[in-house]
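Taking it in order: structure first as structure tokens, then the write-up.
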Amino acid sequence: MGGIRKLDKMPDAIFVVDAVSENVAIDEAKKNNIPVIGICDVDADPKLVDYPIPANDDSKPTIEMIVNLVGDIIQQSKNGKK
């Protein structure tokens with residue numbers, strides 16, 4: 001996909017669903033001082049991310065719920081709500 005180098009602006013943070021399988025994205029974010037929010041299953045070290053979310057990263061309903069909540073929070077912050 002090209003990674004974050006090809007972006008016009010660096011993101012304020014990144015969100016990953018699986019902290020273990022997204023290790024390349026996490027490493028790239030860390031090199032660029034970009035905070036990482038990520039779902040950490042029992043097989044993941046929560047120290048891999050700045051803001052771990054303990055949850056089952058293999059459960060589709062769990063992933064959908066968390067992604068929807070994170071999306072709602074991002075949208076609210078863009079609209080000036082806390």
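Residue numbers start at 1 and run along the sequence shown.
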* **With N23 via side-chain hydrogen bond (donor to acceptor under 3.5 Å, both in side chains) - residues at least two apart** => none
* Asked: For A29 and I14, which heavy atoms make the closest approach, and how far apart are they?
  -> CB-CD1, 3.7 Å
* Asked: Would you say V16 and I74 are hydrophobically clustered, going by side-chain heavy atoms of ILVMFWY under 4.5 Å?
  -> no
* **Residues in salt bridge (charged side-chain N to carboxylate O under 4.0 Å, His left out) contact with D12, at least two apart in sequence or another chain** => K9
Please output the side-chain donor-acceptor pairs of residues 48-59 that fall under 3.5 Å, not counting sequence neighbours, one pair per line with the distance.
from	atom 1	to	atom 2	distance (Å)
D50	OD1	K30	NZ	2.9
D50	OD2	K30	NZ	3.2
D50	OD2	V36	N	2.8
N56	OD1	D58	N	2.8
S59	OG	T62	N	3.4
S59	OG	T62	OG1	3.1

* **Single-linkage hydrophobic cluster I37~V70, side-chain heavy atoms < 4.5 angstrom** => yes
* **Pairs touching residues 38-49 that satisfy side-chain hydrogen bond (donor to acceptor under 3.5 Å, both in side chains), sequence neighbours left out** => none
